[in-house]
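Okay, so here's the structure we're looking at.
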Amino acid sequence: MFPETSKGYTYEDCKATADWLMAQTNIRPTVGIVCGSGLGGLADILKDQVAFNYKDIPNFPQSTVHGHAGRLVFGTLKGRPCVCMQGRFHLYEGYSIQKITLPMRIFKLLGVETVMLTNAAGGLNQDFKVGDIMIIKDHLNMPGFAGNNPLAGPNDERFGVRFPCMSDAYDRELQQLAMDVGQELGYGDFLREGVYCVLGGPSFETVAECRMLHRLGADAVGMSTVYEVIVARHCGMRVFALSLITNQAVMDYDSEEKANHEEVLETGKQREQQVERLVSTMVTRIEPSQLDYYF
Ligand SMILES: O=P(O)(O)O[C@H]1O[C@H](CO)[C@@H](O)[C@H]1O
C-alpha cells in the first residue's frame, strides 16, 4: 500500500501518509517543529498531545540515534495547532536523502505553513561559547556541492519548481522575531546569528576541516537541517532554524578537546528550557494565514 520508489516517495505516497495521520487526529497543524539532538523535550511544551511512534506511521523511517526519541507529536501551544518531530533522521543513519526529508512534505500536506528546526552544532566562530543559541541566517551545503541534494531526481510540480531559490531560505521576519523574543526573555548574552554548515557525518571533523569551514564563512557545523530546509522551501513553507552550540569545534592541534555525542546531549539538557521558551514564545506570535483551522 505504501511503496518506496527508487527515487524516493511520490506525491501520492506522501499524501497517503498525511491522510493516514489526519484520520487519526483532528489537530490541523500550521506550525511544524523539529527537535535536534538532546532537544526532544521541546515536544513536551505541546498540550492536548496526540503522539505516534515513527514505527507506526506508514512510510516513516525509524530514529536510530541516541537523543532522538522517534515520535511525531501533535498538540497545541496557547491554542495554536502544532506538530513536532521528537527525533529527526540523518544521512549517516543510512537512509536516502529523500527519506530523511520526507516529513517536510508530510508537514506541507498536513497544512503546515511555518517550519521551526533546531539542531545541536559545533561552534566554529571563535566568539561563540558552548550554550550559545545561534539563529541560522544561511547555510553551506557541503554534500550538495557533490550533487547530494534532496531535490535531485524527477521534480513534481505539485510540490514546487524545478529550480527553487535558496537566497531567501531563512525567513528574515522570523529571524528578527527570534532576536526580539530572545532579548525580551533576557537571552541577549547567549543569542547569536550565523551560518550553519552541514557535513555528512557521522565522524566529527578534523582540525584541518574545522579551520577550512571557518575560513569559508561557517559559524557552526553539524550533520542535519539543511536538507529539511531545502525541501521545506521547495514546497513553500516559511523556515526558521537555530543551532544550539553544544561544543567548540577543535581548531587547534594543541587542544585536548575531543568532540563527542555525550557532551552534545549534556549541553542540550542544560539549555533545553531556554530553547523551549524561545521557540514556544515565537510560535504564539506567528500569525497563521488562514484562521479557520480547528482542532
Ligand atoms: O543535528 P542534530 O540532529 O541536532 O544532531 C547533531 O548531533 C549529532 C552529533 O552529536 C549529529 O547528528 C549532529 O547533526
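Order of appearance sets the numbers: ligands from 1, and atoms from 1 within every ligand.
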TODO: Please report the C-alpha distance between Glu266 and Lys269 in whole Å, then the side-chain angles of each, then the deciding distance to 0.1 Å, and finally whether the salt bridge (Lys or Arg N to Asp or Glu O under 4.0 Å) criterion is met.
DONE: CA-CA 5 Å; Glu266 184 52 40; Lys269 223 186 280 167; 3.7 Å; yes
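- Close approach of ligand 1 to Gly36 is summarised as follows: ligand atoms under 4.0 Å from at least one heavy atom of the residue are 4 (O).
- Looking only at heavy atoms of the protein, atom 10 (O) of ligand 1 is closest to His261 ND1, 2.6 Å.
- Considering backbone and side-chain N/O of Val264, none are found under 3.5 Å from N/O of ligand 1.
- Ion pairing between a basic and an acidic side chain is recognised when a charged N comes within 4.0 Å of a carboxylate O; Asp219 and Arg192 show no such pairing.
- Judged by the 6.0 Å and 45° rule, Arg105 forms a cation-pi pair with Phe159.
- A side-chain donor-acceptor contact under 3.5 Å links Asp180 and Gln176.
- Of the N or O atoms in Tyr196, none lie within a sub-3.5 Å distance of an N or O in ligand 1.
- Those atoms of ligand 1 with a heavy atom of Arg88 less than 4.0 angstrom away are 1 (O), 2 (P), 3 (O), 4 (O).
- Looking at ligand 1, you won't find any N or O of Asn119 less than 3.5 Å from one of its N or O atoms.
- Judged purely by distance below 3.5 Å, without hydrogens or angles, the side chains of Thr30 and Glu113 never pair a donor atom with an acceptor atom.
- Note on Glu228 versus Arg233: no salt bridge recorded, every NZ/NE/NH1/NH2 to OD/OE distance being 4.0 Å or above.
- Within a 6.0 Å sphere centred on CD of Glu173, other residues, nucleotides and ligands contribute 12 heavy atoms or fewer.
- Near Tyr92, the atoms of ligand 1 lying under 4.0 angstrom from a non-hydrogen atom of the residue are 11 (C), 12 (O).
- Annotation: atom 5 (O) of ligand 1 to nearest protein heavy atom, Ser37 OG, 2.7 Å.
- Protein heavy atom nearest atom 14 (O) of ligand 1, with residue, atom name and distance: Met223 N, 3.0 Å.
- Taking distance alone, with nitrogen or oxygen atoms compared against 3.5 Å, Ala120 approaches ligand 1 more closely than that limit.
- Close approach of ligand 1 to Ser224 (heavy-atom distance below 4.0 Å) involves ligand atoms 1 (O), 2 (P), 3 (O), 14 (O).
- Counting only N and O atoms by type, the side chains of Tyr170 and His139 include a donor and acceptor under 3.5 Å apart.
- Protein heavy atom nearest atom 3 (O) of ligand 1, with residue, atom name and distance: His90 NE2, 2.7 Å.
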